[in-house]
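Note on naming: letters A, B, ... go to the chains in the order of the sequence lines (proteins, then strands), and numbering restarts at 1 for each one.
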Amino acid sequence: MEHRIGVFVCHCGTNIAGVVDVKRVAEELAKYPGVAYSTDYLYMCSDPGQNLVKDAIKEHGLTGVVVSACSPTLHEATFRRAGAAADLNQYRVEMANIREHCSWVHRGDKEMATEKAIKIIKTMIEKVKQNEALEPISVPMTHRAMVVGAGIAGIQAALDIANAGHDVVLVEKEPSVGGHMAQLSETFPTLDCSQCILTPKMVEVSQHPRIKLLTYCEIDDVSGYVGNFKVRIKKKAAYVNRDVCNGCGLCIEKCPAKTASEFDEGLSERKAIYTPFAQAVPNQPVLDRDHCIYFESGKCGVCQKVCPVDAIDYEQKDEFLDEEVGAIIVATGFDLYPIVNIGEYGGGDIKDVVTSLQFERLLSASGPTGGVVRRPSDGEIPKEVVFLTCVGSRDPEGHMPYCSKVCCMYLTKHAMLYKHNEHDGQAYVFYMDVRTPGKDYEEFYQRAAEEDDVLYIRGKVSKLFEEDGKVMVWGVDTLTGQKVEIAADMVVLGLAMVPSATATELAKMLKIQMNQWGFYSEAHPKLRPVESLAPGFYLAGAAQGPKDIPEVVAQASAAASKVCALFAEKEYHREPIVAWIDEDECAGCRICISVCPYDAIEFDDEKEVARVQEAICEGCGARIAACPSATAQQRNLTDDQLYMMVSAALED
Amino acid sequence: MFEPRIVCFFCKWCTYAGADLAGTSRKQYPPNGVVLRVNCSGRVDPQHILWAFREGADGVLIGGCHPGDCHYQDGNYNTMRRVALLKPVLESLGIESDRLRLDWISAAEGDKVVNVMSEFVETVRDLGPMELDLTDRLSGAEAPDEAKGVKVSTAKKKAKAKR
C-alpha cells in the first residue's frame with residue numbers, strides 16, 4: 001500500500017511555536033518518505049484545526065495522520081474522532097507529543113528542540129504507516145458500580161448512581177458511614193449544622209433499594225478491567241451478628257471496658273463494644289477486640305449475657321465477599337497531618353493545644369462538652385484562644401509544601417463560633433495569607449474580623465509551650481515587625497490535610513496513580529478531573545486533593561455522572577491494542593502462557609499453538625517480548641513498528 | 001560537545017505520564033532522548049534494545065513502574081530480569097552496560113524524569129559516542145556481504161519491517 005500520511009503541526013499558541021520552529025518542522029516533514037501532506041496551524045484542537053485535519057484527509061486521500069501537538073493523554077481521543085468523521089479509521093490517527101516532551105522541557109535550546117520535534121514526529125509517522133485499521137473490541141459490561149469510602153463524597157456518588165437506576169456497592173472501613181463530615185460542628189460559610197445536612201443522606205444511603213451498604217469492610221483484592229471488575233471484600237469480624245442485632249444498645253451500656261473515642265478525637269471515651277456516635281448508620285455496634293476484657297482475659301462476657309437477641313458471637317471470623325462491578329469510585333478521604341510531627345508546637349504533648357478536628361468536637365452539640373468550648377486540661381472555658389493556620393501546610397522545608405485549602409476558612413469558622421459561644425473571649429488567628437476563594441467565603445471572613453472581632457495577625461508562630469497553666473504563644477506580626485507573645489488558654493492547630501492512611505495501599509491494589517504526597521492523580525488536571533488514568537476508576541473527594549464540602553459534593557456527582565455515562569452503553573468498547581499470534585509460525589513453546597498475568601492465552605492442543613483471547617488480553621505486551629520466535633505481536637505496536645520507530649528516532 | 005543520541009522506552013502508565021508532568025511543570029532537561037511510548041516496560045524486547053544500539057544509539061533508557069505498581073501486575077519484573085540478563089551480553093559485545101539504564105519512575109515523579117534524563121545524558125556523554133560496529137555480530141550469518149561492516153541501509157530496514 002502506498003503511504004499517504006498527513007502531518008499536522010500545532011503551534012499550541014506559543015506553547016510549542018515559542019520554542020519549536022513549527023514552520024520548519026512542517027516543511028522538513030513534507031519531504032519525509034510517505035508524507036503526502038504537512039502543515040501547521042495555531043490551535044490544531046480547535047474547530048478550524050480539526051476541520052483542517054478532516055478536509056486534508058479527504059482532499060489528499062490520507063492513509064494515516066500524525067497530529068504533532070500535546071500529550072496523547074489530552075487529545076488523542078479528540079483527533080481519533082476527527083479522523084473517524086472523515087472516514088479514516090481512528091487507529092490510523094496518532095499523536096506526536098512535541099509539547100510536554102519537547103517544547104515545554106527544552107526552552108533553552110530552540111535549535112535542538114526543533115530537531116527533537118522532527119525526530120519525535122518521524123517515529124510516529126513510522127508507527128502510523130504500519131497501523132492496522134482496527135475496531136474497538138466489545139465486551140459485556142456489569143452495570144453495577146462500587147464506591148470505596150462512605151464519607152460525604154462516597155455517599156453523594158453512591159446516591160447519584162443509584163438514583164440514575166444502577167446498583168451500587170458502597171464499602172466503608174469504619175463501623176458507620178459519614179466520614180469526617182459527621183464529626184464537624186457547623187459548616188462554613190452558612191453555619192449549617194453538619195449533622196443536620198449529612199445524617200439524612202446517611203439514612204438515605206442505608207435504605208436505598210439500589211445500594212448495598214457494606215460497613216466495617218475493606219477491599220481485599222481487585223482483578224479484571226473496566227466494565228468487568230471482580231472485587232474481593234473483607235468483612236471484618238465485628239463479633240456481632242449483624243443479621244440479628246437490633247441496635248438496642250444494651251451491650252454498650254453494660255460494657256465495662258473503656259478506651260479513647262476515635263470519633264471524638266480522643267476527647268471522650270467509648271466502650272469496647274461501640275457505635276462510633278449516636279447517629280451512626282447502621283446503628284449496630286462492633287466489638288473492638290483490642291480493648292475487650294473477654295478477648296484479653298477470657299473473663300467478662302457481659303455483652304453476650306445482656307444481649308436480648310443473642311447477637312454477640314465471640315467466635316466470628318473475618319468473612320470474604322466477592323462482588324462484580326463495572327466501575328469503581330475511590331473516595332477514601334483524608335487524615336490530618338500527625339500532630340506528633342510538629343515538635344515546635346508540642347507534638348501533641350500540650351493538653352490545651354488541640355487539632356482542628358478536636359476543636360470541631362468541642363464545638364459540636366453532640367460532642368464531649370455538649371457544644372460548650374472547654375479546655376481539655378481542666379474543663380475551664382478558655383478566654384484567649386489562638387488559631388494557627390498552615391500547620392504542616394505550605395512548609396516545603398519541614399512538612400507538606402501544598403496549601404490544604406480549607407484551613408483558613410474552617411479556622412475562621414472556629415474563631416467565629418467560639419466568639420458566639422463566649423462573647424467576652426478573645427480569638428486570634430495567625431495567618432500567612434487568608435485564602436477565601438469560594439462563593440460567600442470572603443464575606444464570611446470579613447464578618448469574623450469585623451462583626452465578631454476576631455483578631456487576625458499576619459505571621460507564623462515559632463513556638464508553643466506551657467507556663468503557669470497557660471499555653472505561651474511566641475510569634476511575630478510580620479506587618480508591624482513586632483514580636484507577639486500571647487498567654488493563651490487554648491491553641492487550635494489548622495493541621496494539613498493528608499490522604500487517608502490506607503490510600504497508598506489501596507492505590508497499589510487498584511493500580512491507580514498517586515502524586516508524591518499520596519493524593520490520587522486525575523487523568524488530566526483540568527479536563528479530566530474526576531477520572532483516574534487507569535480506565536474504570538473515578539475519583540471523588542479529598543482523596544484526590546484537599547477540598548471543602550461543596551467541592552467534594554460537586555466532584556462526587558461528577559464522578560457519578562461519568563460512571564452513568566459509561567453505563568449508558570450496553571457493552572464496553574475496549575482498545576483493540578491487544579496481542580495476536582500467527583498460528584502458522586507459533587512453535588507451541590508456551591512461554592507466553594507462563595508470562596501472561598491474565599490467563600488470556602489458551603493452548604490449542606490439536607494444532608499445538610497458543611491463541612489469544614482478545615476479550616481478556618489487556619495489551620501489556622510483556623509476553624510478546626517473551627516470544628522467542630517473534631510470532632506473538634501487539635496490534636499497532638508490533639516489533640517491526642518498534643524497530644522502525646527506533647530507527648526514526650536515531651536518523652540524522 | 002558530543003551530544004549523545006538516546007532512545008527512551010517509557011511505560012505509558014508511569015514514566016510517560018511522569019515525563020508529561022515534567023512538561024506541565026516546565027522542568028528543563030537536555031533534549032537528547034526521544035521517547036517511545038509503550039504499554040508496559042515489559043513490552044521492551046532485548047532485541048529492541050540491541051536494534052537501537054545497532055542503529056546508532058549511544059544510550060537506551062527504559063522507564064517502568066515501581067516494583068509492585070505495574071499496571072499489568074508484573075510486566076516490570078520481566079523488564080528487570082531482561083535488563084539484568086542483557087547487560088552482560090552487551091559487555092560481551094563490547095558495549096558498556098552503562099549505556100543501558102532501567103529506572104522506576106512513577107506518574108508523580110516529574111522531577112525524577114528530569115534527574116534521570118539529565119544524569120543519563122551525562123553518563124553517556126562521558127562514555128563517548130558508540131563507536132563499535134555491530135553490524136557483523138548482530139546480523140550474523142544471514143547478513144548479506146554488502147551489509148557486513150557497514151550500517152544497514154534504510155531500504156534494508158524497510159524490507160525487514162515489511163517481513
Side-chain angles (χ1 to χ4, degrees), chain A residues 33 71-74 97 99-109 112-113 115-116 119-120 123 126-127 129-130 507-508 511 513-517 521 525 533-534 577 595 597-598 618-627 630 634 637 639-651, chain B residues 3 5 7-9 12-14 16-17 19-48 51-52 55-57 65 68-75 78-79 82 106-109 111 114 154 157-158 160-163:
Chain A
S71 170
T73 321
L74 188 56
N97 185 349
R99 191 180 74 172
E100 282 85 343
H101 287 192
C102 190
S103 68
W104 275 354
V105 287
H106 308 315
R107 286 194 286 198
D109 192 336
M112 275 193 80
E115 275 171 24
K116 178 169 167 180
K119 284 184 186 174
I120 293 172
T123 65
E126 288 304 333
K127 177 173 192 303
K129 276 181 183 174
Q130 296 188 65
K508 282 180 185 290
K511 311 286 183 208
Q513 290 80 8
M514 296 175 290
N515 74 1
Q516 72 249 61
W517 315 114
S521 299
L533 203 55
I577 312 302
V595 177
Y598 300 101
E618 286 279 291
C620 67
R623 47 166 221 80
I624 295 163
C627 178
Q634 183 161 26
L637 195 63
D639 283 341
D640 288 342
Q641 280 177 303
L642 277 166
Y643 288 132
M644 296 307 291
M645 290 167 79
V646 167
S647 302
L650 294 166
E651 250 173 45
Chain B
E3 289 298 346
R5 294 192 293 179
V7 176
C8 311
F9 296 93
K12 76 167 183 181
W13 298 103
C14 55
Y16 191 92
D20 278 356
L21 177 62
T24 32
S25 317
R26 308 298 196 279
K27 309 270 176 178
Q28 301 297 304
Y29 57 83
N32 302 62
V34 174
V35 176
L36 305 183
R37 180 176 178 236
V38 287
N39 280 27
C40 175
S41 60
R43 175 69 187 91
V44 182
D45 189 319
Q47 296 198 59
H48 302 149
W51 178 267
E55 289 291 277
C65 300
D69 289 357
C70 177
H71 183 80
Y72 304 103
Q73 301 182 16
D74 59 5
N78 287 308
T79 321
R82 285 169 190 155
S106 82
E109 294 174 319
D111 286 341
V114 174
T154 311
K157 277 181 278 171
K158 283 179 187 156
K160 177 176 167 45
K162 285 189 186 123
R163 185 187 50 157

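Side-chain contact between A/Trp104 and B/Lys27 is absent, with no heavy atoms from C-beta onward closer than 4.5 Å. Residues B/Gln73 and A/Glu618 form no side-chain contact, since every pair of their non-hydrogen atoms from C-beta on lies 4.5 Å or further apart. By the 4.5 Å heavy-atom criterion applied to side chains, B/Asn78 and A/Val595 are counted as neighbours. Using a 4.5 Å cut-off on side-chain heavy atoms (C-beta onward), B/Phe9 and A/Leu642 make contact.
Separating the CG atom in A/Leu74 from the CG atom in B/Asp20 is a distance of 9.0 Å, to the nearest 0.5 Å. One finds the NE2 atom of B/His71 at 8.5 Å from the CG atom of A/Leu533 (value rounded to the nearest 0.5 Å). Here the SG atom belonging to B/Cys40 is positioned 10.5 Å from the CD1 atom belonging to A/Ile624, to the nearest 0.5 angstrom. The CE atom of A/Met645 sits 14.0 Å away from the CH2 atom of B/Trp51 when rounded to the nearest 0.5 Å.
For chain B, the nearby part of A/Met514 is the backbone; its heavy atoms alone come within less than 4.5 Å. Looking at B/Arg37, the atoms closer than 4.5 Å to chain A (heavy atoms on both sides) sit in the backbone and in the side chain alike. Looking at A/Ser521, neither its backbone nor its side chain comes within 4.5 Å of chain B, counting heavy atoms on both sides. Heavy atoms of B/Gln47 lying under 4.5 Å from chain A belong to its backbone as well as its side chain. Proximity to chain B involves both the backbone and the side chain of A/Ala626, based on heavy atoms less than 4.5 angstrom apart. Contacts of A/Gln513 with chain B are made by side-chain atoms alone, with heavy-atom separations under 4.5 Å and no backbone atom involved.
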field: A/Thr123 and B/Val34: CA distance, side-chain angles, deciding distance, side-chain contact (heavy atoms from CB on, under 4.5 Å) verdict
entry: CA-CA 9 Å; A/Thr123 65; B/Val34 174; 4.1 Å; yes
task: Would you check, one step at a time, whether the test side-chain contact (heavy atoms from CB on, under 4.5 Å) holds for A/Lys511 with B/Tyr72?
output: CA-CA 8 Å; A/Lys511 311 286 183 208; B/Tyr72 304 103; over 6 Å; no
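A salt bridge links A/Asp639 with B/Arg43: the closest approach of a Lys/Arg side-chain nitrogen to an acidic carboxylate oxygen falls below 4.0 angstrom.
Under a 3.5 Å cut-off, the side chain of B/His48 and the backbone N or O of A/Tyr643 do not form any donor-acceptor pair.
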